[in-house]
Structure formats: C-alpha cells, structure tokens
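In what follows, chains are A, B, ... by sequence order, proteins preceding strands, each numbered from 1.
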Amino acid sequence: MLLSRPAPDVAPDLLGSLLSANGVTVRIVEVEAYAGTGEDPASHSHRGRTPRNVPMFGPPGTLYVYFTYGMHWCANVTCSPPGEASAVLFRAGEVVDGLELARSRRGRVSDRDLARGPARLAQALGLDGAATGTSLLDGAGPASLRLGVPPDPVAIRSGPRVGVATAADVRWRFWLAGEPTVSPYRPHVPKRRR
DNA sequence: ACGCAGATAATCT
DNA sequence: GATTATCTGCGTG
C-alpha cells in the first residue's frame, strides 16, 4: 500500500487499516479524500499554505489534526508526494482495542457510536492539536497507522462527502458496505444567522 | 426514524 | 464578520 498517490486513489485502500493512538485502536471503515491546492474547493489546502494546514504539506503519512466548530478535532493522513497537500480524513471506525479507554473518553454512548464520525473517532483516540504534524509511520509520534491489504472493490461503496458545501457532486467518501459503525450521511446545511 | 437548533471558537476574508 | 470536513439533545411522527 503506497500513500504517495492522489488522495481519491489512496482513500478506498485505507479502509480496513488499523489506526492506533494513546492506547486505543480503531479499524477504519469510512474515509473521505481531499485533494490539493487548486484542485478541490472543499480542501483546507485549496487556497495554498496557511498556518493551520502546514501539516498537509508534509510527507505522506503525516497526521493532520484540525479544530472545527469551536469544539471538535478531526484527524487526517496526508498522501501524495510531499508538497501536494492532499489528505484522507478518517471518518469512522470500529474500536478493536482499548475499549474501556475509548468508553471513558466518549462518555455514555453505545459502543457502536464510540468512533462513528470524525470528531468522535478523534476523541476516542485521544487525538487533538498536540498530535498534528507527527508521523503515523515512523513509530515516534503518539499515533500510528497499520496499513492493511486493500479491500475487495466489491465491498466498497462511495458517495458525496458529508457536510461539504462545494463540489457536492464529487463522490470522494468511501466506506465498507454493511458496517454498522459507518456514520450517517448528512448534506451540508448553511447556518442561518440570528 | 427523521429534522432542527444550539453550542462554541479558531480560521480566513 | 462569516464560515465551518460536527455532535448532542430534544422535538415530532
């Protein structure tokens, strides 16, 4: 499994891989691809380098964790050659190790919901801004990614990305068919100011 | 099951 | 000043 490819190619191959951090391991069942500068209006790197998205420009296998909606963290792995700033968002997974730890971080929710959604997944893994920019591959950082054998294409479904306003026709969300821990789809809803 | 509103603050224009 | 790669709780059916 090679990460040095465009995000939409890498993303489906990441399904089934194991993401570990801070004593919890999650089997990834849902991801989204975000392309690089000038290629994808929904990508944080669309308009080039900013203080926040610096990790996206790092080498493939870099962890990019960002803060959003005033309270949530979301985790990505960068791919493509260094400098292209494309990434794959870890959207959902099944907790396969460190169950008690994940439960204590997530509060009173069902086991199915422990990592069902990008912010829930990051919380279950104890990931926040302190981990961004570290490598998922060199074993030195707080998180590591164990790549698996790419799943049979027959088991993969795709659709538009969740909560994305632009490029709604692009089907860069990928998930494993029949997995209960795949997050529900929600279209983007513009906020009405009050 | 589904739909909506509120929370809450960094980031970018 | 507007937007946001979201989640939770509460309403209705």
Side-chain angles (χ1 to χ4, degrees), chain A residues 6-8 10-12 14-15 19 26 28-58 62-80 84-93 95 102-133 136 143 145 157-175 180-194:
Chain A
V10 171
L14 286 176
L15 295 171
L19 180 62
V26 161
I28 300 300
V29 301
E30 179 186 353
V31 295
E32 277 174 4
Y34 289 87
T37 303
E39 302 172 32
D40 177 10
S43 175
H44 287 174
S45 63
H46 179 231
R47 297 176 192 234
R49 198 176 185 118
T50 68
R52 173 175 69 166
N53 67 23
V54 165
M56 286 187 78
F57 291 80
T62 300
L63 180 65
Y64 169 50
V65 185
Y66 68 90
F67 186 70
T68 192
Y69 287 102
M71 60 195 98
H72 297 304
W73 297 96
C74 297
N76 303 248
V77 58
T78 64
C79 51
S80 284
E84 277 204 24
S86 72
V88 175
L89 171 69
F90 297 114
R91 273 207 62 87
V95 174
R103 284 174 181 151
S104 71
R105 290 186 179 129
R106 289 277 298 119
R108 284 188 58 160
V109 300
S110 69
D111 285 355
R112 183 195 187 196
D113 287 342
L114 285 174
R116 190 173 182 231
R120 293 162 166 184
L121 183 148
Q123 188 181 21
L125 289 168
L127 291 174
D128 61 18
T132 197
L136 286 169
L145 181 65
R157 300 290 179 274
S158 69
R161 293 172 292 186
V162 173
V164 171
T166 55
D169 52 321
V170 178
R171 298 166 64 90
W172 280 353
R173 174 184 181 232
F174 304 91
W175 67 94
T181 50
V182 170
S183 72
Y185 177 71
R186 297 186 199 84
H188 174 80
V189 286
K191 288 275 183 172
R192 248 189 61 183
R193 89 183 162 80
R194 38 171 324 110

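- Taking OG of A/Ser45 as the reference point, atom OH of A/Tyr34 lies at 11.5 Å (rounded to 0.5 Å).
- Side-chain atoms of A/Thr132 come within 3.5 Å of backbone N or O of A/Val65 as a donor-acceptor pair.
- Rounding to whole angstrom units, CZ of residue A/Arg91 and C1' of C/dC7 are separated by 11 Å.
- A side chain to side chain contact (heavy atoms under 4.5 Å, CB included) with A/Leu63 holds for exactly one of A/Asn76, A/Leu127, A/Leu19; it is A/Leu127.
- For the pair A/Pro160/A/Tyr185, a side-chain contact is recorded, criterion being any heavy-atom separation below 4.5 Å from C-beta on.
- Rounded to whole Å, atom C1' of C/dA5 lies 12 Å from atom OH of A/Tyr185.
- Counting to the nearest Å, the C1' atom of C/dA5 and the CZ atom of A/Arg116 are 18 Å from each other.
- Using a 4.5 Å heavy-atom threshold, the side chains of A/Met56 and A/Ser43 count as touching.
- The nearest pair of heavy atoms linking A/Thr78 to A/Gly58 is OG1-O, 4.1 Å.
- The side chain of A/Tyr66 sits closest to C/dA5 out of C/dT6, C/dA5, C/dT4.
- With a 4.5 Å cut-off on side-chain heavy atoms, A/Phe174 and A/Leu14 do not count as touching.
- Closest heavy-atom contact between A/Val182 and A/Arg173: CG1-NH2, 3.7 Å.
- Counting only Watson-Crick or G-U wobble pairs whose defining distances are both under 3.5 Å, the stems of 3 or more consecutive pairs in DNA chain C are B:1-7 with C:6-12, B:9-12 with C:1-4.
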Enumerate all atom pairs, one protein N or O and one N or O from nucleotides 8-12 of chain C, separated by less than 3.5 Å.
unit_1	atom_1	unit_2	atom_2	d
C/dT8	OP1	A/Arg106	NH1	3.0
C/dT8	OP1	A/Arg106	NH2	3.2
C/dT8	OP2	A/Arg120	NE	2.8
C/dT8	OP2	A/Arg120	NH2	2.4

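- The nearest whole Å value for the distance from the CZ atom in A/Phe90 to the C1' atom in C/dT6 is 18 Å.
- Between A/Trp73 and A/Phe67, the two ring planes are tilted [angle within 30° to 60°].
- Atoms CG (A/Leu114) and P (C/dT6) sit 19 Å apart, rounded to a whole Å.
- Rounded to an integer number of Å, the gap from A/Trp73 CH2 to C/dT4 C1' is 14 Å.
- A/Ala119 comes within contact range of the sugar-phosphate backbone alone, with a heavy-atom separation under 4.0 Å but no base atom that close.
- Between A/Val77 and A/Val10 there is no side-chain heavy-atom pair separated by less than 4.5 Å.
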**Study point:** Reading 5' to 3' through nucleotides 7-13 of chain B, protein heavy-atom contacts under 4.0 Å coded B for base, S for sugar-phosphate only, - for none
**Key:** BBBSSSS
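- Between the side chain of A/Arg120 and the backbone N or O of A/Arg116 there is at least one donor-acceptor pair closer than 3.5 Å.
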